[in-house]
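Presented below is the structure to which this report refers.
Whatever order the structure lists them in is the order used to number ligands and atoms, beginning at 1.
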Amino acid sequence: MAEAELYPVPDEWRQRARIDAEGYDKLYGRSLADPGAFWLDQAKRLDWIKRPEIAGDWSFDEADFHISWFADGKLNVAANCIDRHAKAHGDRVAIIWEPDDPAEEPRRFTYRQLLAEVCRFANVLKANGVAKGDRVTIYLPMIPEAAVAVLACARIGAIHSVVFGGFSPDALAGRIQDCDSKLVITADEGRRGGKRIALKACVDEAADRAPSLERVIVVRATGAEVAMRDGRDIWYHDAAAEASGDCPPEPMNAEDPLFILYTSGSTGKPKGVLHSSGGYLLWAACTHEWCFDYRVGEVFWCAADIGWVTGHSYILYGPLANGATTLMYEGLPNWPDASRIWQVVDRHQVSTLFTAPTVLRALMKDGDAPVHATDRSSLRLLGSVGEPINPEAWRWYHRVAGEGRCPIIDTWWQTETGGAMIAPMPGATDLKPGSATRPMPGVDPQLLDAEGQVLHGAAEGNLAIARSWPGQMRTVWGDHDRFFQTYFTTYPGKYFTGDGARRDDDGYWWITGRVDDVINVSGHRMGTAEVESALVAHPKVAEAAVVGMPHDVKGQGIYAYVTLNGGEEASDALHDELVQWVRREIGPIAKPDALQFAPGLPKTRSGKIMRRILRKIAEGDTGALGDTSTLAEPAVVDDLVANRVTLPT
Ligand code: 6R9
């Protein structure tokens, strides 16, 4: 059994780590016994303009619902991530940038250089009318300017909303409008795996649907020719040439918003998850140190995109707050070939690599030779995030990539949580493949059954968090009621994660995946409702239902059932058209892996689509459809089973 398989803390880590097993128990115990003192103590990691005297002040109850941390503290996040390091050790490299094309030279920015770049960008934003509290949408590829733009917002107190460069013009327009953002920062083009992405053209298209947009700042990345609209678009390099490299950081209240990041939920359009300045930064900094035990001089590589929360917390905010050297990679892990990710490790002597199970599964398919072709002796830790890591991928990561030497840090968390919540500490936690192990200090996870009863000991149920932590999201932008309804009503008085989990006899946590209508495709969240509404927006589609299906590389794939309008004929051409349609409406990550034309969908007599049955059919588990007697038309199920779509292997 997987549980019997234990990987003890290696001797090297036992000796060098800041926190050992006993240290973890003490730290965790104190964090729950005296949270006020514990967090005010932790807050000393940050540079405060005014040091807080209040830690957490919160209630998850409806009558008195509020969440705040360090409410009387004042700080500037960018000053914490840059200025204090620039002052103390300005020549230390803050960011290493590795380009898409391995033939090109990497770029390096010391903390001093980063400070100058960020100040310049901040002044350009100010010159374009951006003030404290304004929203700025960032739609950039993984180029250094993306980091600079994010930090420039933080410096002047503007709220950044980074939109992943793979999202469509429509998705971008929705995210610009929702937070009423007047300015977008983009690039002529992005590059990934040798391909070009026409970002500026996407912004032009989005602008037609986003009337709030007044100004577009365009970074020259590839040099491609792009149309510039007079009075709206400006080149960053032109504006920067006139901007000063000096910009004082804006003093911010700890509770002032730092950023919005849109994420999919089980219903409705994506939610603008809002994070605070003080609590979020402290959480990112603490968890970066606890999970990865970062030491000065090491190179830390989180191989995510800054369009996702992982990139926010572990490419930028956590590492930079801790004065780390962080690596930012423009390209794909397996381009131009399957060795690339390891070549980047060797080229920059990376000590910690933090990536997603889907990447590992894709690499595993190419066998061990591309890994063995590289050295990797600089690696000391390997991290995983985004979805449950299957034990096979865990073992491969450990044995092949890390040569048995590197602990695997499987971090469970969410956009909403700001940083890692359940994860091992390398010097403290014996590992079990597939388990995210133990909670971080301050995190109070609970298992609950469907009736809301708390389960004790070894058990399986739904995962809730019983108390607030500094990195918790503060609201859904523009819809505080939706925030409360989404997370605090399933289990009154608790934050409900939407995930299921199991706790074993040793108190280890195993995340089993989403229990709501959210699909995890390659570690990215996709709401089934979003894909469905894209499909029904097609003129030939009457109805659609979308569920997750097992996928050997992506973890989950997207399976769509589509009912056409009367008079429309199903065809291969229409099949492909619909798949492309979703891709265009939302972006490549939402493209259905399987699409089945269905004359009808299984519904209850009250008209509710029975997703349980659709999930079973998509999984190929058609022998166990369970009770179909409540269906309005049981015969539709037979048709669905007979015409099930299987993925090409
Ligand atoms: C950080 C991030 C959150 C959802 C989360 C869960 C899944 C993330 C995981 C994991 C098992 C892990 N998830 N990490 N499941 N083990 N180590 O991914 O945020 O994009 O908001 O996704 O991802 O289902 O609820 P986000």
Side-chain angles (χ1 to χ4, degrees), residues 162-164 166-167 259-266 270-275 280 283-284 287-288 291 302-315 317-318 354-361 382-391 393-394 397 408-424 429 431-440 443 445 462-465 471-473 476 486-487 490 495-503 508-528 530 548 554-556 589-590:
V162 182
V163 177
F164 175 56
F167 277 122
F259 66 84
I260 299 168
L261 191 55
Y262 286 88
T263 193
S264 297
S266 50
K271 294 184 283 274
V273 167
L274 186 92
H275 278 289
Y280 167 81
W283 192 247
T287 53
H288 174 255
C291 294
C302 168
D305 190 287
I306 62 151
W308 310 111
V309 72
T310 305
H312 282 57
S313 300
Y314 299 112
I315 297 176
Y317 288 120
F354 190 22
T355 188
T358 184
V359 170
L360 302 174
R361 288 192 298 265
L382 296 168
S384 177
V385 58
E387 49 176 320
I389 180 166
N390 47 310
W394 195 103
Y397 203 21
I408 307 292
I409 306 299
D410 174 15
T411 64
W412 171 81
W413 55 295
Q414 309 177 298
T415 305
E416 294 88 336
T417 72
M421 297 289 280
I422 302 182
T429 322
L431 305 174
K432 301 184 188 189
S435 169
T437 76
R438 313 284 298 274
M440 289 279 113
V443 174
N462 289 342
L463 177 61
I465 311 291
Q472 182 169 31
M473 71 181 282
V476 170
T486 307
Y487 302 102
T490 313
Y495 167 80
F496 178 46
T497 63
D499 279 319
R502 184 161 62 81
R503 187 177 41 218
Y508 274 49
W509 293 81
W510 302 72
I511 309 300
T512 52
R514 300 291 303 195
V515 295
D516 53 11
D517 289 323
V518 171
I519 317 181
N520 194 322
V521 186
S522 301
H524 301 313
R525 279 163 67 164
M526 222 36 260
T528 52
E530 267 169 85
K554 297 179 175 181
Q556 278 189 301
I589 56 165

*Is any N or O atom of Arg514, backbone or side chain, closer than 3.5 Å to an N or O atom of ligand 1?*
yes

_Check for me whether Gly386 has a heavy atom closer than 4.0 Å to any atom of ligand 1._
yes

*Taking the six-membered ring for Trp and the full ring for Phe, Tyr or His, determine whether the centres of Tyr262 and Phe167 are under 6.0 Å apart.*
no

*Protein residue, atom and distance nearest to atom 22 (O) of ligand 1, heavy-atom basis*: Arg525 CD, 3.1 Å

*asked:* If you measure every N or O of Gln414 against every N or O of ligand 1, does any of those distances drop under 3.5 Å?
replied: yes

*Taking only residues two or more places apart in sequence, or in another chain, which ones meet Arg514 in a salt bridge (Lys or Arg N to Asp or Glu O under 4.0 Å)?*
Asp516

*Could you find the nearest protein heavy atom to atom 21 (O) of ligand 1 and give me its residue, atom name and distance?*
Thr415 OG1, 2.5 Å

*Check if Trp413 has a non-hydrogen atom at a distance under 4.0 Å from any atom of ligand 1.*
yes

_Any nitrogen or oxygen of Gly513 lying under 3.5 Å from a nitrogen or oxygen in ligand 1? Just yes or no._
no

*Asp499 contact mode with ligand 1 (heavy-atom cut-off under 4.0 Å)*: side chain

*Passing option when Leu463 is tested against Phe496, Trp509, Tyr495 for side chain to side chain contact (heavy atoms under 4.5 Å, CB included)*: Trp509

*Protein contact to atom 16 (N) of ligand 1 [nearest heavy atom, distance to 0.1 Å]*: Glu387 O, 3.3 Å

*Mind checking whether Ser384 has an N or O less than 3.5 Å away from an N or O of ligand 1?*
no

*Residue and atom name of the nearest protein heavy atom (relative to atom 11 (C) of ligand 1), distance in Å to one decimal*: Pro388 N, 3.1 Å

_Phe354 side chain near Ile409 side chain, heavy-atom distance below 4.5 Å_ = no

*Mind listing the closest non-hydrogen atom pair of Ala420 and Trp283 along with its distance?*
O-CZ2, 3.3 Å

_salt bridge (Lys or Arg N to Asp or Glu O under 4.0 Å) involving Arg503 - partner list, sequence neighbours excluded_ = none

*Answer side chain, backbone, both or neither: which part of Ile389 comes under 4.0 Å from ligand 1, heavy atoms only.*
neither

*Check each heavy atom of Val518 against ligand 1 and say whether those closer than 4.0 Å belong to the side chain, the backbone, both or neither.*
neither

*asked:* Given 3.5 Å as the limit, does a donor-acceptor pair link the side chain of Thr263 with the main chain of Lys271, or not?
replied: no

*Report yes if the distance between the aromatic ring centroids of Trp308 and Tyr314 is under 6.0 Å, otherwise no.*
no

